[in-house]
Amino acid sequence: MSEKLRSIEIPIIITAICTLLQVIPYYFNIPVIDQASAIERDWMLLIVNMAVFVGVISIGQVHGRKIMRRRDNWEYSVVLMVALIIMAITGLPIESIGLGLDNPIYNFLFINVMTPLGSTMYSILAFFITSAAYRAFRARNIEAALILVSGTIVVMSNAPLFTSSLPFLITWKNWIFDVPNTATMRGVMMGAALGAIALAVRTLMGIERGYLRGGGAD
Amino acid sequence: MSLMTLLPIWAAVFFTLAIYSFLYGENPWFRFAEHVYAGVSVGYAVAFNLDYLRDQWVNRWSMSGGMAVLYLFALAMGLLWYARFNKKYFFLYRWTLAIVVGTGIGMALRTVVFTQFLDQIIAQARIPLFVSGDPLQSVSNILLTIMTPCVLLYFWFTGGARETGPMKHIAKIARYTIMAGFGAAYGYTVLTRFSLLIGRSQFLLGNPPNPPEAKMAFITIALVMLASLIGYDLLKPKNI
């Protein structure tokens, strides 16, 4: 019995059933299946939310081991674990004892630590992206020149310093977005859609099994 | 100004500068801020997800006995995620994963076919080649009608197929189109990053609507951080 439960066919069948449960109501009007499909979608959200501790356990394993064995820079792992524990505990949805999303410590950490850290992490990329642009935007051939010209026009057209004296840059930018950018994105989107459909059909048929790997048996 | 007013501002300035200190080089301030960020982000995810589960139970699933059973069943299936940490019960983790992957694929099949494929073909087919009284728009429409299939064919045919027959010319048009399109996308990415950088700079300088106290905190913390970074660099043992 145990061997049968372990067989790879069971998750493949579950995948196929779940997929068909979503696809069928889109093409056929069967109220029962439509209802089951809606419940399945809500279920998926609950199930995905239940996975939250997978990351916590993984982080605990990695950093816990680092702290226990006093490896290089283990002090930072302590900082990470303390930050995680304080944020998670103060945000627990138990309002009766003062915890939850309205807890002052949770709010302090969210507004004054997490938000500035998040936006600064993204903004620091401005320096690296500029350095990458300097290296990439060299007109060595027509293709590279096109990247350089269209990128420069887009950047300049959003800077009042240039558009005040060169207002036609805005028209040029609009044309770049309306024609070559639309053509590129449409082509990319349709190509990606075909790929996604092919992958979905392969998974539905049980040909694609990559997501089921791991655990020592395939 | 009370401590409770200043503390949040100083904390935000400290963490902003600690991240920017990476521009000087890898250093303890940055590593500290990086680990705090990782910790609070995971803690936030835990709190947010548990809040979602609680809200779903209170506002929806606890309304009837049948719904409650379905909710508990979903939670039980969710618990199977943790079977991945045990080799013996790893197969149970696959069941939960199969539900999520299957539902995701099903939802993608419903939407991708229409929004990313059929709707795009319809939008492309509806473009009028000639617009009376607007020759520039006509040229743009003709170019778009030529460029889109070229890009699609370029992605379709790879390797040697691109170098023979008419594909040689199609590939050239597609490459030029893609480069111009990606250049614009790159330019826009640069702009969004700079927009964030300007936002953080305005916060550090205390420009309205940001609190003006941030300016003093910025000068003080920046000087202390810079001095400590130079000291750290000087005291750090050199690898010969």
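Quick note on labels: first sequence line is chain A, next is B, and so on, each numbered from 1. Below, all heavy atoms of this structure are taken into account, side chains as well, without hydrogens, waters or symmetry copies.
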Side chain, backbone, both or neither: which part of [X] has an atom under 4.5 Å from a heavy atom of chain A?
X       : value
Y20(B)  : both
I19(B)  : both
I127(B) : side chain
Y188(B) : both
W156(B) : side chain
P28(B)  : both
L70(B)  : both

Given the options [options], which has more heavy-atom pairs under 4.5 Å with chain B than any of the others?
options                            : value
I111(A), L199(A), N158(A), I153(A) : N158(A)
I124(A), T90(A), V155(A), I10(A)   : I124(A)
L99(A), V23(A), T152(A), L92(A)    : V23(A)
G55(A), C18(A), A16(A)             : C18(A)
N181(A), T203(A), V82(A)           : N181(A)
G187(A), P93(A), A159(A)           : P93(A)

Within a reach of under 6.0 Å around [atom1] of [X], are more than 12 heavy atoms found that belong to other residues, nucleotides or ligands?
X       : atom1 : value
I105(A) : CD1   : no
Y27(A)  : OH    : yes
Y52(B)  : OH    : yes
D72(A)  : CG    : no

Atom pair [atom1] ([X]) and [atom2] ([Y]), whose distance is rounded to the nearest 0.5 Å:
X       : Y       : atom1 : atom2 : result
L75(B)  : M50(A)  : CG    : CE    : 5.0 Å
L191(B) : M156(A) : CG    : CE    : 12.0 Å
L204(A) : L109(B) : CG    : CG    : 7.5 Å
F128(A) : F22(B)  : CZ    : CZ    : 5.0 Å
L118(B) : M190(A) : CG    : CE    : 9.0 Å
E95(A)  : D51(B)  : CD    : CG    : 7.0 Å

Tell me whether the centres of the aromatic rings in F114(B) and Y26(A) are closer together than 6.0 Å.
-> yes
Is it the backbone or the side chain of [X] that comes under 4.5 Å from a heavy atom of chain B, or both, or neither?
X       : value
Q61(A)  : side chain
A132(A) : both
F108(A) : side chain
S37(A)  : side chain
N73(A)  : side chain
Y76(A)  : both
L46(A)  : both
M185(A) : side chain
A144(A) : neither

Hey, are the side chains of F155(B) and L194(A) touching, using non-hydrogen atoms and a 4.5 Å cut-off?
-> no
Just do the side chain to side chain contact (heavy atoms under 4.5 Å, CB included) check on F85(B) and V54(A) with the steps written out, would you?
-> CA-CA 9 Å; F85(B) 295 106; V54(A) 172; 4.0 Å; yes
Using atom types as modelled and distance alone, determine if a side-chain donor or acceptor of [X] lies under 3.5 Å from a backbone N or O of [Y].
X       : Y       : result
Y82(B)  : F53(A)  : yes
T184(A) : T177(B) : yes
W81(B)  : I47(A)  : yes
R94(B)  : L212(A) : yes
R6(A)   : K88(B)  : yes

Of I99(B), T96(B), L97(B), the one forming a side-chain contact (heavy atoms from CB on, under 4.5 Å) with I14(A) is I99(B)
Please assess F15(B) against N112(A) for the test side chain to side chain contact (heavy atoms under 4.5 Å, CB included), listing each intermediate value before the final yes or no.
-> CA-CA 9 Å; F15(B) 283 110; N112(A) 302 300; over 6 Å; no
So W43(A) and F73(B), would you call those rings parallel, tilted or perpendicular, with 30° and 60° as cut-offs?
-> tilted
Would you call the rings of Y106(A) and Y44(B) parallel, tilted or perpendicular if under 30° counts as parallel and over 60° as perpendicular?
-> parallel
